[in-house]
Amino acid sequence: MRDQSLVFGEWLSIFHFCAWAAQRFVFCKAERLKMGGDDSGMESDDFDWNSEDDREIENFQSSSRLSVPNGDAVTGSGEASSSPGSSNSKVLDHFVAMGFSQEMVSKVIQEYGEENEAKILEELLSYSALESSPQPQQQIEPDPSSSEYAGSSWDDLSDADISSSSDEYGKVVSENVVTLRSLVKMGYKQNEALVALERLGPNSSLEELVDFIYAAQKAKAEDTLLPPEEKLQYNDYKSNKRRFYELEVLGRKKPRGCEKKIICEDDEEALHLPNPMIGFGVPTESDFITHRSLPDDAVGPPYFYYENVALAPKGVWQTISRFLYDVQPEFVDSKYFCAAARKRGYIHNLPIENRFPLLPLPPRTIHEAFPLTRKWWPSWDPRTKLNCLQTCIGSARLTDRIRKAIENYDGDPPESVQKYVLDQCRKWNLVWVGRNKVAPLECDEVETLLGFPRNHTRGGGISRTDRYKSLGNSFQVDTVAYHLSVLKEMYPNGINLLSLFSGIGGAEVALHRLGIPLKNVVSVEKSEVNRNIVRSWWEQTNQKGNLIDMEDVQQLDGERLEQLISTCGGFDLIVGGSPCNNLAGSNRVSRDGLEGKESSLFFDYFRILDLVKNLTTKYR
DNA sequence: AAAAACATGAGGGGCACG
DNA sequence: CGTGCCCCTCATGTTTTT
């Protein structure tokens with residue numbers, strides 16, 4: 001049972017969210033006018049996002065689909081108290097205009113005074129939540145993790161600095177509140193509404209928000225969460241293609257006799273990881289898929305290529321896939337390309353015929369990759385592949401402990417010691433470098449395993465710790481290059497690349513090693529050392545093209561993109577592996593899923609991709 | 001001040017077995 | 001089908017060392 005204080009707490013967090021969103025989203029009317037001006041059929045597809053232009057804010061009010069009836073009444077929290085005499089009816093009118101009952105508003109104003117609109121809003125929201133929530137029992141989460149899930153991220157949000165008291169701030173708050181209220185009135189949970197509004201922006205239409213929530217529900221919901229009639233609405237979704245994918249690509253056998261379970265047959269089903277994890281095929285295995293059909297919306301140009309960890313929390317890949325035009329992910333383990341495992345999912349709209357690998361093929365066992373370890377490798381260590389290369393390495397003291405644990409014995413150590421050593425070796429990816437001596441991989445060894453040139457991340461003031469971190473967050477170049485290889489014959493004169501979350505430039509290196517000329521590369525990467533690494537590589541490899549680097553994907557708005565596109569002549573490929581922090585299993589602290597602090601930047605990948613797609617089709 | 005070392009499991013998939 | 005066991009995971013926050 002959910003008690004009232006909990007509900008109220010959630011509404012509190014909603015308010016904090018609104019404040020946070022007000023800061024985060026600055027509205028972009030100019031873009032909408034520009035794009036919608038020629039009426040080129042982009043009504044509900046044009047997402048409006050950040051812009052820092054003030055005049056755009058001015059225009060926001062009139063353009064909003066979910067308009068505030070009386071904008072003038074919406075004042076910043078600081079202003080309301082300045083003229084108490086006349087503001088009583090004004091404040092009351094304002095909240096009534098937002099859709100609250102006059103009775104309720106005056107009651108709350110009586111109780112709390114009218115000088116603190118924020119407080120009034122809180123109260124109104126909590127009251128109306130209790131009153132109008134259509135199916136309160138439905139908000140009981142059978143899955144206890146779900147509420148925690150959202151809870152932690154909202155805590156983050158409420159920590160956000162909400163000192164802004166500008167006018168647009170007030171508008172944004174009320175705008176969001178109205179939208180949220182509408183959604184809750186429609187029967188959606190606050191959490192879902194919040195997430196949707198956060199992702200799509202306050203300017204988005206109700207339809208878009210509802211659509212988003214559907215997607216999220218589909219990804220998350222268990223059978224028991226939703227009443228059957230609501231779920232039936234999802235069932236027209238892709239059943240044929242999904243089935244084809246499961247049968248043909250994932251090698252999945254559809255068990256007979258489950259026709260009864262119509263409801264959960266397709267969408268509710270968890271995405272199955274292929275075994276072996278070879279996607280549409282890898283150079284070293286005979287199993288291949290040579291054809292797939294893409295959803296119409298996904299067909300390029302431009303081509304896009306998205307990457308993230310395969311073992312994300314449940315529902316994440318379904319959501320990602322749904323945003324990326326329903327293209328099904330290709331799950332590939334890089335252990336088929338090199339000596340280290342790296343299970344990743346890739347969503348792209350590239351052709352998959354006539355792929356070819358980078359040559360020479362890298363060694364695919366530890367012994368081949370590190371011949372010197374063979375001499376010291378004990379017979380009781382059966383590993384032939386390394387585990388996933390992560391962002392941290394084992395410490396020197398750990399390897400010392402292991403040495404001491406072993407050297408007490410003449411022959412093979414007892415099984416318990418073997419177990420301990422093996423566990424540690426697997427956990428930290430240690431290799432044998434001497435008698436009773438294990439060691440973590442060196443930076444340059446990691447570089448080689450991942451397909452980068454040696455010393456790619458070396459120098460320029462980067463610490464060893466940070467090198468491991470940057471490398472651990474990177475692509476495996478051979479794997480990505482194999483997928484991108486189909487571009488070579490399509491673009492003999494080179495490509496224009498938009499590289500988001502570039503990191504140390506895995507995509508750039510892959511294309512370069514494929515022999516695909518890079519004409520213009522726009523590289524967006526937050527970390528300065530990483531940008532330096534890419535810049536340095538760019539100069540060392542005598543690139544003929546032009547490298548433009550930027551810091552923040554969130555600053556890449558429609559205006560900026562249009563500029564870039566007009567100077568570059570359009571992007572042929574948009575690559576991005578968005579942050580996995582909140583998805584990766586190694587994260588004990590904040591594995592919050594796609595809504596996590598960093599991983600939610602996926603939605604910026606989608607936003608930018610969608611913008612480029614629209615701009616590309618528009619100008620061609 | 002910066003770099004390195006350390007402490008901190010949950011969550012799922014795969015598999016064998018009954 | 002369920003259950004138990006094995007295994008793996010693009011990490012974060014704090015403390016210690018350099």
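Each chain gets a letter, A, B and so on, in the order its sequence line appears, and its residues count up from 1.
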Sugar-phosphate, base or nothing in reach of A/R344, heavy atoms under 4.0 Å: base

Could you work out the separation of B/dG9 and C/dC8 based on their C1' atoms and round it to a whole Å? 13 Å

Need to verify one output field. Residue with the more 5' nearest nucleotide on DNA chain B, A/C392 or A/I462? A/I462

Would you please confirm or rule out a distance under 4.0 Å between OP1 or OP2 of C/dC7 and any side-chain N or O of A/K419? yes

Mind checking if A/C580 touches a base, just sugar-phosphate, or nothing, with heavy atoms under 4.0 Å? base

Less than 4.0 angstrom between a side-chain N/O of A/S590 and OP1 or OP2 of C/dT12, yes or no? no

Once you apply a heavy-atom cut-off of 4.0 Å, does A/N473 come out as touching a base, just sugar-phosphate, or nothing? base

Hunt down the Watson-Crick or G-U wobble partner of C/dC10, both distances under 3.5 Å, from any strand shown, or write none. none

Nearest whole angstrom, please: distance from the C1' of B/dA2 to the NZ of A/K469. 14 Å

Is the phosphate of B/dA4, meaning OP1 or OP2, less than 4.0 Å from a side-chain N or O of A/T465? yes

Using the ring centroid of each side chain, check whether A/F356 and A/Y482 are separated by less than 6.0 Å. no

Nucleotide paired to B/dG9 in any strand shown, Watson-Crick or G-U, under 3.5 Å: none

Work out how far the P atom of C/dC10 is from that of B/dA7, and round it to whole angstrom. 23 Å

Given C/dT9, B/dA5, B/dA4, the nucleotide with the shortest approach to the side chain of A/A396: B/dA5

Apply side-chain contact (heavy atoms from CB on, under 4.5 Å) to the pair A/I548 and A/S523, showing each step before the final yes or no. CA-CA 6 Å; A/I548 304 168; A/S523 166; over 6 Å; no

B/dA3, C/dG13, C/dC10: which one has an atom nearest the side-chain heavy atoms of A/S463? B/dA3

Between the side-chain atoms of A/R397 and the base atoms of B/dC6, is any donor-acceptor pair under 3.5 Å? no

A/H272 side chain: which of B/dG14, C/dG13, B/dG9 is closest? B/dG14

How long is the line joining CG of A/L450 and P of C/dC10, in whole Å? 13 Å

Between C/dC5 (C1') and A/D423 (CG): distance, integer Å: 13 Å

When rounded to the nearest 0.5 angstrom, what distance separates CE in A/M277 from CZ in A/R344? 10.0 Å

Check the distance between B/dG13's P and A/N275's CG and give it to me in whole angstrom. 13 Å

Any donor-acceptor pair under 3.5 Å from A/N582 side chain to A/E598 backbone: yes

For A/S578, report the nucleic acid contact type (base, sugar-phosphate, nothing); a contact means any heavy atom under 4.0 Å. base

With DNA chain B as reference, determine whether A/G585 or A/R464 sits nearer its 5' end, using the nearest nucleotide of each. A/R464

Check ion pair A/K469-A/D466 (N to O, under 4.0 angstrom): no

Any non-hydrogen side-chain atom of A/L594 less than 4.5 Å from a side-chain atom of A/W317? no

Take the protein atom CZ of A/R591 and the nucleotide atom C1' of C/dC8, then report the distance between them rounded to whole Å. 11 Å

Could you please name the option among B/dG14, B/dG12, C/dT12 that lies closest to any side-chain atom of A/K314? B/dG12

Does C/dC8 have OP1 or OP2 under 4.0 Å away from a side-chain N or O of A/R426? yes

Which residue, A/R454, A/R467, A/R458, forms the salt bridge (charged side-chain N to carboxylate O under 4.0 Å, His left out) with A/E447? A/R467

Side chain of A/N581 - closest among C/dC8, C/dT12, B/dG13: C/dT12

Whole-Å distance, A/L398 CG to B/dC6 P, equals 8 Å

Starting at atom CE of A/M277, determine the distance to atom P of C/dC7, rounded to an integer number of angstrom. 18 Å

Below 4.0 angstrom from OP1 or OP2 of C/dC10, is there any side-chain N or O of A/N308? no

A/L500 CG to C/dC10 P, in whole Å, measures 21 Å

Looking at B/dA4, B/dT8, C/dC8, which one has an atom nearest to any side-chain atom of A/K343? C/dC8

